[in-house]
Amino acid sequence: MKALVDIWHRVRRSRSVLVSGGVLAGIVLVALVGPLVSPHDYLQTNFDALLQRPTASGFHLFGTDDLGRDLFVRSMLGVRITILVAVVASIVSLVIGVAYGAIAGYVGGRVDAVMMRFVDTLYALPFIFFVILLMVAFERNFLLIFVAIGAINWLDMARIVRGQTLSLREREFVDAARMTGVSTRDIIRRHIAPNLIGVVIVYVTLTIPQAILVESFLSFLGLGIQEPQTSLGALVHAGVNQMEGASWMLLIPAALLASILLCFNFLGDAMRDVFDSRSSR
Amino acid sequence: MSLLEVQELTIRYDDTAVVRGLSFAVEKGESVGLVGESGSGKSQTALAILGLLPGNAEIGGSIRLEGGELLGVSEHILNAVRAQRAAIVFQDPMQALNPFLRIGEQLRRILVQHRLADGKEAQARVIDMLKRVGLPDPERQYRAYPHQLSGGMRQRAMIASALIAEPALLIADEPTTALDVTVQAQILELLEEIRADTALLLITHDLGVVAGHCERMLVLEQGELVEQGATRDVFARPRHAHTARLLAAAPRLDTINIPLPSTGEELLQIEAASVSYRETGRGRLQAVRDVDLTIQTGETVAVVGESGSGKSSLVRAVLGLIPMQSGRVVFCGTALHGSVQDRPTEVRRGMQLVFQDPVGSLNPQMRVANIVAEPLLVHKPELSAVNRQKEVAVMLESTGLGEEYLQRYPHELSGGQAQRVAIARALILKPKVLVCDEAVAALDGTVREQILALLREVQVDSGLAIVFITHDLSVVRAVSHRVLVMYMGALVELAGNAALFGRPRHPYTRALLEAVPIADPEHAGGKATLAGEVPSALTPPSGCMFHPRCKYARDICKSEVPRQRTLDGTTVACHLADEI
């Protein structure tokens with residue numbers, strides 16, 4: 001509890017965490033609340049208002065698309081899905097990757113060799129091809145995207161965590177813990193894991209944008225989210241088709257995507273400083 | 001005109017002044033010692049002279065070398081000054097040499113860069129210089145990479161690279177701190193030899209080094225010059241209280257201390273302990289060979305030797321941190337097997353370890369209170385959180401740290417404070433044996449004294465047995481009852497404190513004692529009586545492993561391994577022990 005209070009104090013002192021976190025929180029809040037208060041619905045088509053420019057009249061703040069659906073509501077829906085996919089995929093890769101990497105690195109020896117060769121084998125599978133196969137073989141399913149992205153991303157995380165653990169294991173405070181009789185499980189939990197946080201946080205904030213990009217890429221190819229559901233990637237895809245006549249259909253979702261990515265990147269950089277207790281002078 | 005004139009030098013970072021109004025001069029051919037504890041600004045001064053301070057440093061005052069002002073001049077002029085007029089040798093030669101360039105190439109580039117020589121002539125001058133700094137087989141070292149040289153050889157190469165452009169001033173910043181005492185003596189002698197045409201500004205925390213090698217000395221305290229004068233005068237009559245304090249804490253071998261009579265029972269028996277490591281592709285490295293040692297309650301046993309002598313490997317194997325190849329360890333009547341995690345709880349409680357790097361041995365993410373409390377979580381899980389915190393506070397109090405330290409992180413502590421925390425963590429379980437692995441090597445003189453006093457106090461109160469691993473013989477003299485001297489993993493001498501320092505039996509022990517720099521200009525030690533360095537443990541010499549470096553060596557030493565003998569209570573492994 002005290003550790004959390006501590007981190008909160010450090011967060012409050014870091015301007016870039018506050019700014020990027022604030023922008024991100026704002027976007028998420030609007031994405032959650034916006035569709036509820038808007039008079040429009042993401043499914044509702046309006047053939048009297050096809051491809052309308054962004055305007056305050058009729059509450060089409062972001063304009064409408066080629067079917068007359070309100071782009072604001074659809075964009076906010078896209079933001080929800082995009083962030084959800086990214087966060088869930090990152091948590092999947094975080095949990096599997098940290099546990100796997102820390103165990104391989106700390107136990108070492110043959111266990112490490114076998115565990116890491118398994119990772120190498122998975123690396124050899126062509127990822128996009130694998131995802132496309134999954135999408136074709138099964139129903140295009142929401143869950144499948146999480147699983148696919150998370151299942152691939154944890155490999156990087158496991159490698160990074162293992163490397164860090166190997167060097168942490170040689171540190172004297174680990175020997176000190178062994179001398180006092182701390183169990184292997186508690187050494188990993190209390191001494192290894194907290195010292196991994198800096199690296200893990202940075203890496204997670206890099207996987208989130210990566211997952212967003214992969215999801216957008218899949219949706220752009222038409223393999224991701226199924227209509228009438230949508231994601232920012234799918235919206236950009238639709239926007240590209242209308243680029244010449246209705247540039248807002250491309251520019252608005254693209255700008256949202258870019259700002260979310262930028263916020264996560266800034267946040268990652270700043271979080272590393274926050275979680276590094278040595279930098280809190 | 002002095003060679004180097006520093007006037008009213010001030011160095012500030014943000015709001016903190018690290019050097020305040022420092023003025024001094026160095027004459028041609030002179031050797032001046034700049035001493036002070038860590039944080040006194042001595043290294044900052046050295047960097048300022050060469051214009052090497054980081055950009056956020058604010059520098060005031062004046063630094064004149066051979067009459068020319070160095071502060072505020074362009075990088076272009078400074079580049080010409082560095083190497084040609086003033087050069088620097090750092091503490092860690094591995095950091096200062098480029099790992100991708102051969103030694104000869106690095107030195108040759110200096111000559112070419114400053115247009116001092118070219119082609120064949122440059123190569124000849126480099127080889128000449130390598131010979132001058134005492135590198136054996138200079139033609140071969142010319143083509144060697146830094147990692148292929150030993151620590152002492154690297155420091156010689158570093159000195160060669162500093163001297164190649166024939167500077168008028170050589171600044172040596174703790175040049176021997178990372179080296180063994182025998183190698184340190186060699187390097188200091190080398191610095192003495194080259195002084196004929198180069199003035200030396202020697203920066204060090206070791207007053208023994210200054211006593212033996214500097215004509216004048218300057219004492220810094222928190223960025224201020226508190227005393228300067230001829231070395232003899234300062235040592236004889238220190239005028240400033242801080243100088244007196246430094247001198248009192250300085251290492252000496254003649255300190256008279258009253259060894260406590262150890263009336264204890266046998267606590268830990270080590271019999272024929274051996275440790276070896278597998279070096280990939282290079283066979284086995286025998287780190288410890290058949291060492292016997294018995295430790296009693298209430299006594300302090302020091303284990304000494306150069307780096308690579310196997311002293312750390314021995315105790316780590318005994319503690320169960322690394323596997324033991326063969327041998328037997330008995331602790332309080334129980335034979336110990338396997339790694340520390342497989343041993344009975346009582347045994348684990350009974351033996352604790354304090355490390356060399358105080359900050360590195362504390363988890364950077366944990367607060368002091370939790371660090372010290374952790375052993376209690378394991379061994380006294382029934383304790384309530386409140387009682388646990390109480391016990392931690394009492395323990396810390398007894399090591400001299402008040403309640404205000406409980407909530408700090410390790411990086412918020414000084415080296416001495418961090419070492420107190422590490423000691424508190426080790427002692428909170430009330431162990432019977434405490435192993436200190438170079439536990440005071442990284443600390444300043446005055447802090448070292450305090451830590452040693454603390455350990456002595458605990459020992460008297462509780463009958464704790466202490467194993468002190470160190471390369472610093474002055475510490476050994478001050479704290480130990482018995483001393484184990486190791487060379488290449490084998491026992492060479494095991495003797496009582498007075499016997500070892502009064503009448504060393506083994507030639508290696510003698511050489512070690514002679515090499516220790518003594519903080520007394522009248523009887524300066526620091527003689528390099530031991531040539532060369534420890535041979536590789538992968539290819540140990542035949543017979544007595546010490547024979548290639550031993551000045552008494554005879555034919556029998558080359559062919560036969562000496563057996564351990566006991567003479568007047570001293571165990572020694574030397575063929576000639578009763579002759580020399």
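Residue numbering restarts at 1 for every chain, and letters A, B, ... go by the order of the sequence lines.
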Do [X] and [Y] pair up side chain to side chain, a donor and an acceptor below 3.5 Å, judged on atom types alone?
X      : Y      : answer
B:Y277 : B:Q325 : no
A:S231 : A:E215 : yes
A:S93  : A:Y203 : no

Q | B:Q352, part contacting chain A, at a heavy-atom distance under 4.5 Å | A |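 Contact with chain A involves both backbone and side-chain atoms of B:Q352.
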Q: Could you list the residues that satisfy salt bridge (charged side-chain N to carboxylate O under 4.0 Å, His left out) with B:R316, not counting sequence neighbours?
A: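 Result, salt bridge (charged side-chain N to carboxylate O under 4.0 Å, His left out) vs B:R316: A:D175, B:D437.
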Q: May I ask you to name which of B:P410, B:S339, B:P375, B:G320 has the most heavy-atom pairs under 4.5 Å with chain A?
A: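 Top count of heavy-atom pairs under 4.5 Å with chain A: B:P375.
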Q) Among B:L362, B:L377, B:L353, which residue forms the greatest number of heavy-atom pairs with chain A at distances under 4.5 Å? A)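 Greatest number of close heavy-atom pairs with chain A: B:L362.
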Q.
With a strict 4.5 Å heavy-atom criterion, list every residue of residues 417-431 of chain B that contacts chain A, or say none.
A.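 Counting heavy atoms that sit under 4.5 Å from chain A, the residues of residues 417-431 of chain B involved are B:R425, B:L429.
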Q) What residues of residues 381-406 of chain B sit under 4.5 Å from chain A when you count only heavy atoms? A)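 Checking residues 381-406 of chain B against chain A gives no residue, so none.
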**Q.** Full working for side-chain contact (heavy atoms from CB on, under 4.5 Å) between B:V433 and B:L464
**A.** CA-CA 6 Å; B:V433 180; B:L464 179 74; 6.0 Å; no
Q) Taking C-beta and beyond as the side chain, do B:V330 and B:L268 meet within less than 4.5 Å on heavy atoms? A)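 In short, these two side chains do not touch, never coming nearer than 4.5 Å.
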Q. What part of A:I192 is in contact with chain B, defined as an atom under 4.5 angstrom from a non-hydrogen atom: side chain, backbone, both or neither?
A.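 Nothing of A:I192, per the 4.5 Å heavy-atom cut-off to chain B.
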Q: Report the distance from atom CZ of A:R169 to atom CZ of A:R162, rounding to the nearest 0.5 Å.
A: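 Rounded to the nearest 0.5 Å, the CZ-CZ separation comes out at 9.0 Å.
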Q) Where do A:F264 and A:S20 land on the side-chain contact (heavy atoms from CB on, under 4.5 Å) test, with the steps shown first? A) CA-CA 7 Å; A:F264 272 116; A:S20 51; over 6 Å; no
Q | Residue pair B:V315, B:I469: steps toward the side-chain contact (heavy atoms from CB on, under 4.5 Å) verdict | A | CA-CA 9 Å; B:V315 296; B:I469 305 174; 2.9 Å; yes
Q | Short side-chain to backbone donor-acceptor contact, A:T82 and A:L232, under 3.5 Å | A |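 The answer is yes, because a donor-acceptor pair under 3.5 Å joins these two groups.
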Q: Scan residues 113-131 of chain A for pairs that pass side-chain hydrogen bond (donor to acceptor under 3.5 Å, both in side chains), counting only residues two or more places apart or in two chains.
A: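 Every pair satisfying side-chain hydrogen bond (donor to acceptor under 3.5 Å, both in side chains) with a residue in residues 113-131 of chain A: A:R117-A:D120, A:D120-A:R159, A:Y123-A:D156.
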